[in-house]
Undergrad: 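Handing you this structure, nothing more for now.
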Amino acid sequence: MVDDILRTPGAVRDAERWTAHNYHPLPVVISSAEGAWLTDVDGKRYLDCLAGYSALNFGHRHPQLIAAAHAQLDRLTLTSRAFIHDQFADFCRELAELCGKDLVLPMNTGAEAVETGIKVARKWGYQVKGVPAGQANIVVAEGNFHGRTTTIVSFSTDEDARADFGPYTPGFTVVPYGDLDALTAAIDENTVAVLLEPIQGEQGVVVPPEGYLPGVRQVCTDRNVLFIADEIQSGLGRTGATFACDHEGVVPDMYLLGKALGGGIVPVSAVAANSDVLGVLKPGQHGSTFGGNPLACAVAIEVVRLLATGEFQRRSSELGERLRAGLEGLVGKGLVAVRVRGLWAGLDIDPTLMSGREACERLAARGVLAKDTHGSTIRLAPPLVISEEEIDLAVAQLAEVLAG
Ligand SMILES: Cc1ncc(COP(=O)(O)O)c(C=O)c1O
């Protein structure tokens, strides 16, 4: 029987048996990868069109990143922040320069960067803006995805993410995404920050109307409110620019970064802001044992250097146009809408044809890995090292899946 020969079915069963079912992965079991390609335990190859939700912007095992990790593993892996190590200053300086900000605060996961941003904004509100104690408010958007902590899910509008995890953290006002009037109306004298994804990734690569982000920037400046851009998924080359905010010439007060910052090797996240904002934190008020560890910094320094060349932003922009052309050709042929920014695409499949899950399963059978998000939407986020031919291959396989 096939099951006796193939290792995948047993490996899928084992994984299901021994883990909490907080994910519903596609039934593929990967054992190695290089560049834009993955190989499973049975030797089948897949084109990676998810890239670890953008954590693998530079592809799997980019030689420069792997070399940095190896070299660092041989020297020093962890000190905690009780001491300073020799990779720390370079990482913070180079990332601060990439962001055009004074200071960087390193953490590990994206959710921790978001939590850090929230804490810093509240402290700034009390100490700098003069908000009365305990009254700080942050405006967020419907359809947001900022992570999984209890505070962050408190202002999620996705019931799957939120239900039964209360009691919820107060201090957040939710407004429709892309509606500047609603956002402006929600700001009051106790508002310390507006926290937004410049493009909502998890929601299906939802791009706000042109002029929205500059409008948010202006109202934040006018009302003495911090603009926090969660660029954890949209940033670091994904959209054809270093930051998604760059497309509209917008500079937020705080960048939240993660995912690709760790080069697909280690979790690295960071908050970048000027000293009038990040300077509110004093020793003992915030921290993380692993945040800014030597291995993380050594890898992330090389990530920043890769981005400083501009090559990945250019690839994403140019190849994104090819991806856009291919996907737009499928509108009316199984797709009802596509949204593309760089090498990042949200595709709405005609729900009468199949669900996003079904489409991803059929794509996987054809050697292309992608992941559905809500209902009939698929997100494509291939590594930025993908080639033109590989983009054409992904689009051709999708066309076959949609044609049934
Ligand atoms: C925009 C955004 N913010 C925050 C997060 C949370 O990051 P992590 O899963 O590393 O905690 C994600 C993860 O998908 C994200 O897309």
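For ligands, and for the atoms within them, numbers begin at 1 and follow the listed sequence. Note that the structure is predicted; figures quoted are calculated from it, not measured.
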Undergrad: Side chains of Glu112 and Ser269: do they bring a donor and an acceptor to under 3.5 Å?
TA: no
Undergrad: Could you tell me whether Lys259 and ligand 1 have an N or O pair separated by under 3.5 Å?
TA: yes
Undergrad: I need the nearest protein heavy-atom contact for atom 3 (N) of ligand 1: residue, atom name and distance, please.
TA: Asp230 OD2, 2.7 Å
Undergrad: I'd like to know if the side chain of Gln233 pairs up with that of Ser54 as donor and acceptor (distance under 3.5 Å, no hydrogens or angles considered).
TA: no
Undergrad: Is the closest side-chain donor-acceptor distance between Asp158 and Ser156 under 3.5 Å?
TA: no
Undergrad: Atom 16 (O) of ligand 1: which protein heavy atom is closest, and how many Å away?
TA: Gln233 NE2, 2.7 Å
Undergrad: Thr221 and Arg217: side-chain donor and acceptor closer than 3.5 Å?
TA: yes
Undergrad: When the ring planes of Phe243 and Tyr255 are compared, do they come out parallel, tilted or perpendicular, using 30° and 60° as the limits?
TA: parallel
Undergrad: How far is atom 11 (O) of ligand 1 from its nearest protein heavy atom, and which residue and atom name does that atom have?
TA: Ala111 N, 2.8 Å
Undergrad: Where's the contact between His146 and ligand 1, heavy-atom distance under 4.0 Å: side chain, backbone, both or neither?
TA: backbone
Undergrad: Write out the residue and atom name of the closest protein heavy atom to atom 7 (O) of ligand 1, then the distance separating them to 0.1 Å.
TA: Gly110 CA, 3.3 Å
Undergrad: For the residue pair Leu261 and Leu95, establish whether any side-chain heavy-atom pair is separated by less than 4.5 Å.
TA: yes
Undergrad: Could you check whether any heavy atom of Arg148 sits closer than 4.0 Å to an atom of ligand 1, since that is the contact criterion I want to use?
TA: no
Undergrad: Between ligand 1 and Tyr53, can you find any atom pair, the residue atom being a heavy atom, that is separated by under 4.0 Å?
TA: no
